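See structure below.
This structure is a prediction, so every number in the text was calculated from the model and none was measured. Positions are given from 1, in the same order as the sequence printed here. Basis for what follows: all heavy atoms, side chains included, without hydrogens, waters or symmetry-related copies.
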Amino acid sequence: MKEIEDNKVYYSWKDYNKDMKAVEWLKFDHVVAIYRGSLGMGAHISNVKDVPLSIVGFQTRDGKDKKPYWIHNATEAEHLGPYAHGTTILIVDDIYDTGHTMDTVVEFVKQYRKRPSVEPSVICYTLFGKPTAKNLVYSQAHDGSWIVFPWETLDEPI
C-alpha cells in the first residue's frame with residue numbers, strides 16, 4: 001500500500017490478492033456481501049469457494065439507508081439446494097470502523113432467514129479492521145485513514 005500527500009491510502013490489487021488468502025482457511029457455506037463496498041469481494045469469494053451469494057443493502061456513511069434490506073437473498077433460493085440457507089454464513093465488508101454496519105447486518109441476516117428456527121453461525125471478515133473488534137477476522141489494521149480501493153479507480157492495471 002502506498003500513502004500519498006492527500007492522506008489517502010491506496011490499496012492495490014496485489015494487496016487485495018494477498019489479503020484474500022485469509023479467507024481460504026475459513027469454513028462457510030454461504031457468503032453475504034454488503035452493498036457496495038464489498039460486492040466485488042463477495043462475488044469473488046462466492047465463485048472461488050463455490051457457495052451462494054446474498055447481497056444486503058446498507059450504507060450508513062452517506063446516510064442513505066436507515067436499515068438493511070435484501071438486494072438479493074439467496075437464502076431463499078430453493079433451487080440452490082440444502083446450502084442455500086447457510087449453516088455457516090460469511091459476511092464480508094471492506095472496512096470495519098465503528099462496527100455499526102457489521103453488527104446491524106449480522107442481526108438482520110440472522111433475523112430474516114427463511115428458516116429462523118435454525119440460527120446460522122456467522123463469521124465476519126473485512127479487509128480492514130480494528131483489534132478491538134469482537135468476532136471479526138480482518139487482514140489489515142484500520143487506523144481511520146481514507147482508503148482508496150483498486151476497484152474505485154482506473155489508475156492501476158489489474
Side-chain angles (χ1 to χ4, degrees), residues 1-75 86 88-112 120-158:
M1 284 184 291
K2 62 181 179 177
E3 189 166 349
I4 63 173
E5 56 275 352
D6 61 359
N7 293 323
K8 293 179 182 176
V9 174
Y10 286 81
Y11 186 75
S12 70
W13 285 113
K14 184 177 179 181
D15 296 325
Y16 171 79
N17 287 327
K18 185 182 102 204
D19 289 346
M20 288 307 291
K21 299 283 185 196
V23 178
E24 287 180 357
W25 62 270
L26 298 174
K27 302 288 185 210
F28 54 92
D29 52 31
H30 197 108
V31 63
V32 173
I34 302 171
Y35 181 81
R36 291 180 359 180
S38 65
L39 193 51
M41 289 171 51
H44 180 196
I45 294 166
S46 173
N47 284 321
V48 169
K49 296 289 245 177
D50 193 26
V51 297
L53 169 67
S54 291
I55 303 166
V56 171
F58 188 52
Q59 290 184 346
T60 57
R61 180 181 48 133
D62 59 14
K64 287 183 180 177
D65 301 326
K66 300 297 181 209
K67 55 186 176 178
Y69 59 95
W70 290 112
I71 293 174
H72 174 69
N73 184 0
T75 65
T88 303
I89 296 174
L90 176 69
I91 299 177
V92 297
D93 202 4
D94 51 359
I95 300 171
Y96 179 103
D97 191 29
T98 65
H100 175 70
T101 298
M102 188 63 80
D103 292 345
T104 303
V105 171
V106 166
E107 290 308 310
F108 173 79
V109 168
K110 286 182 177 181
Q111 180 182 3
Y112 288 99
S121 296
V122 174
I123 302 167
C124 300
Y125 172 76
T126 61
L127 293 171
F128 289 83
K130 296 196 173 184
T132 56
K134 298 176 285 189
N135 304 317
L136 176 73
V137 178
Y138 65 90
S139 293
Q140 304 276 339
H142 184 236
D143 64 3
S145 299
W146 187 266
I147 300 165
V148 178
F149 291 96
W151 48 87
E152 297 175 330
T153 180
L154 295 175
D155 295 338
E156 181 186 357
I158 296 178

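Put simply, OG on S38 and CG on D93 are 4.5 Å apart, with the number rounded to the nearest 0.5 Å. Taking OG1 of T98 as the start and OH of Y96 as the end, the distance is 7.0 Å to the nearest 0.5 Å.
Residues satisfying the side chain to side chain donor-acceptor pair (under 3.5 Å) criterion with K130, sequence neighbours excluded, are D97.
Sorted pairs that involve residues 43-57 and meet salt bridge (charged side-chain N to carboxylate O under 4.0 Å, His left out), not counting sequence neighbours, are lacking altogether. Residue pairs meeting the side-chain hydrogen bond (donor to acceptor under 3.5 Å, both in side chains) criterion with at least one member in residues 17-26, sequence neighbours excluded, are Y11-D19, D19-Q140.
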Please list, one pair per line, the donor and acceptor atoms closer than 3.5 Å that link side chains of residues 40-48 to other protein atoms, with sequence neighbours excluded.
{"from": "H44", "atom 1": "ND1", "to": "Y16", "atom 2": "OH", "distance (Å)": "2.6"}
{"from": "S46", "atom 1": "OG", "to": "V51", "atom 2": "O", "distance (Å)": "2.5"}
{"from": "N47", "atom 1": "ND2", "to": "A43", "atom 2": "O", "distance (Å)": "3.1"}

Stepwise side-chain contact (heavy atoms from CB on, under 4.5 Å) check, F128 with D143: CA-CA 9 Å; F128 289 83; D143 64 3; over 6 Å; no
Step-by-step side chain to side chain donor-acceptor pair (under 3.5 Å) determination, H30 to S54: CA-CA 8 Å; H30 197 108; S54 291; 2.8 Å; yes
Verdict with supporting geometry, V32 and I55, side-chain contact (heavy atoms from CB on, under 4.5 Å): CA-CA 6 Å; V32 173; I55 303 166; over 6 Å; no
side-chain contact (heavy atoms from CB on, under 4.5 Å) assessment of I71 paired with V56: CA-CA 6 Å; I71 293 174; V56 171; over 6 Å; no
side-chain contact (heavy atoms from CB on, under 4.5 Å) evaluation trace for V31 with V92: CA-CA 7 Å; V31 63; V92 297; 4.2 Å; yes
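Side-chain N/O atoms of Y125 and S139 include a donor and acceptor closer than 3.5 Å.
Summarising the geometry of E152 relative to V148, their closest heavy-atom pair is OE1-CA, 3.4 Å, with the distance given to 0.1 Å. Between S12 and P150, the shortest heavy-atom distance links the atoms C-CG, 3.8 Å. Between Q59 and Y35, the shortest heavy-atom distance links the atoms CG-O, 3.7 Å.
Within the 4.5 Å cutoff, the side chain of T126 has heavy atoms near those of the L136 side chain. Using a 4.5 Å heavy-atom threshold, the side chains of V23 and F28 count as touching. You'll find the side chain of I89 reaches within 4.5 Å of the side chain of I91, heavy atoms only. You'll find the side chain of C124 stays beyond 4.5 Å of the side chain of Y138, heavy atoms only.
Considering W70, Y69, F58 in turn, W70 is the only one that fulfils the ring pair (Phe, Tyr, Trp, His ring centres under 6.0 Å) rule with F108.
In this structure, the side chain of D29 engages the main chain of T88 through a donor-acceptor pair within 3.5 Å. Of the possible donor and acceptor atoms, one in the side chain of H142 sits under 3.5 Å from a partner among the backbone N and O of S145.
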